[in-house]
Amino acid sequence: MAREQLSDVRYGWNGFADRQDLATALAGEIADRLTSAIAKRGTALLAVSGGTTPAKLFAALSTTPIDWDKVTVTLVDERFVPPSSPRSNAGLVAANLLQNKAAAARFVPLYHEAASIEDAAATDSEALKSLPWPLDVVILGMGGDGHTASFFPDAGNLEELLDPVSQRIVLPVHAPSGGEPRLTLSMARIVAAGFIAIHIEGEDKRAAFNGATGPGAKKPIRRVLEAAPRPIEVFWAP
Ligand SMILES: O=C1O[C@H](COP(=O)(O)O)[C@@H](O)[C@H](O)[C@H]1O
């Protein structure tokens, strides 16, 4: 593990020889953080991303001994699709993370039926106020375009999503590159987490991360790295 510093963006770089090693190590790190949160406050709050990357991590985490009945799991972001859709992040979490030992966790989804994505986001923002904030752990992914969560570069309300003092918990996203309308945690909630990891795999993602965080770049992932009060840990494998 080597620490890199690029321009004014600080992060830790944790490189692994293969994806299974990464999944095992990151699951261990998450378990330590959740266990320590439970020891301190009797409960723990974890937010995870969806997409194609986290299935192995979820499988490793699901068999890790943690007091899962004291853990609340929610999503960093979600497509406006029901859990039965293959594009549902809640569906991915149910099938891969909320299994084995982790079946005892409480899951709070972002999607529910609503007249509009704006209504769904407003209802979520109210409903999620009762969660034990701040997040203890948040696992972010990153797209090749430098988006993380649903902070797409072409989102009409990108500045609202990235407002570091936003009081909103969940916001709606309309972005042509994102496909369906989305629901996302605000950046303010994400960067307040006790531990933030970015989980990316493949040479293309490493190149995209370097491009998106390089000098002069202002991609959403860089905005998150800049806003975080402590360095984010990047977990990468080829
Ligand atoms: O759209 C999304 O994409 C990112 C990255 O997904 P991946 O398939 O490239 O791993 C993901 O972090 C996010 O949760 C998801 O909604």
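For clarity, every value in this text was computed on a predicted model and none was experimentally measured. Numbering of ligands and ligand atoms starts at 1, following listing order. Computation of the quantities below employed the complete heavy-atom set of this structure, encompassing side-chain atoms and omitting hydrogens, waters and symmetry-equivalent molecules.
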Nearest 0.5 Å, please: how far is [atom2] in [Y] from [atom1] in [X]?
X: Ser49; Y: Met142; atom1: OG; atom2: CE; answer: 12.0 Å
X: Phe80; Y: Ser85; atom1: CZ; atom2: OG; answer: 12.5 Å
X: Glu180; Y: His174; atom1: CD; atom2: NE2; answer: 12.5 Å
X: Asp77; Y: Thr148; atom1: CG; atom2: OG1; answer: 8.0 Å

Mind checking whether [X] contacts ligand 1 via backbone (N, CA, C, O), side chain (CB onward), both or neither, at a 4.0 Å heavy-atom cut-off?
X: Thr148; answer: neither
X: Lys205; answer: side chain
X: Thr53; answer: both

May I ask you to list the atoms of ligand 1 that are less than 4.0 angstrom from any heavy atom of [X]?
X: Arg79; result: 1 (O), 2 (C)
X: Asn89; result: 14 (O), 16 (O)
X: Gly51; result: 6 (O), 8 (O)
X: Gly141; result: 12 (O)

Who gets closest to [atom] by heavy atom: [options]?
atom: atom 11 (C) of ligand 1; options: Gly178, Ser150, Gly50; result: Gly50
atom: atom 14 (O) of ligand 1; options: Ile198, Leu92, Asp77, Leu75; result: Asp77
atom: atom 5 (C) of ligand 1; options: His199, Glu180, Met142; result: Met142

Under the side chain to side chain contact (heavy atoms under 4.5 Å, CB included) criterion, do Leu57 and Ile30 qualify, and how do the steps go?
CA-CA 10 Å; Leu57 168 66; Ile30 295 168; 4.2 Å; yes
How close does the nearest protein non-hydrogen atom get to atom 7 (P) of ligand 1, and which residue and atom is it?
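Going atom by atom, the protein heavy atom closest to atom 7 (P) of ligand 1 ends up being Thr52 OG1, 3.4 Å.
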Parallel, tilted or perpendicular, judged at 30° and 60°: which one describes the rings of His147 and Phe152?
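The arrangement is parallel - the two ring planes meet at less than 30°.
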Which of parallel (below 30°), tilted (30 to 60°) and perpendicular (above 60°) describes Phe16 and Phe235?
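Rings of Phe16 and Phe235: parallel, under 30°.
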Is there a heavy atom of His147 sitting under 4.0 angstrom from any atom of ligand 1?
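His147 counts as a contact of ligand 1 under the 4.0 Å cut-off.
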Within the structure, is a non-hydrogen atom of Glu201 found at a distance of less than 4.0 Å from ligand 1?
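Contact absent.
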Could you walk me through whether Glu159 and Arg223 satisfy the side chain to side chain contact (heavy atoms under 4.5 Å, CB included) test, starting with their C-alpha distance in whole Å, then the side-chain angles of each, then the deciding distance to 0.1 Å, before giving a yes or no?
CA-CA 10 Å; Glu159 290 311 313; Arg223 302 277 297 274; 2.8 Å; yes
Under 3.5 Å between some N or O of ligand 1 and some N or O of Arg182?
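Min N/O separation from ligand 1 is below 3.5 Å for Arg182.
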Pairs of nitrogen or oxygen atoms closer than 3.5 Å, one from Phe152 and one from ligand 1: do any exist?
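N/O-N/O distance below 3.5 Å does not exist for this pair.
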For residues 122-143, which residue pairs qualify under side chain to side chain donor-acceptor pair (under 3.5 Å), counting only residues two or more places apart or in two chains?
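Every side chain to side chain donor-acceptor pair (under 3.5 Å) pair that includes a residue of residues 122-143, provided the two are not neighbours, is Arg41-Asp136, His112-Asp124, Ser125-Arg168, Glu126-Lys129.
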Would you say Asn100 and Thr63 are linked by a side-chain donor-acceptor pair, where the criterion is simply a distance under 3.5 Å?
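No.
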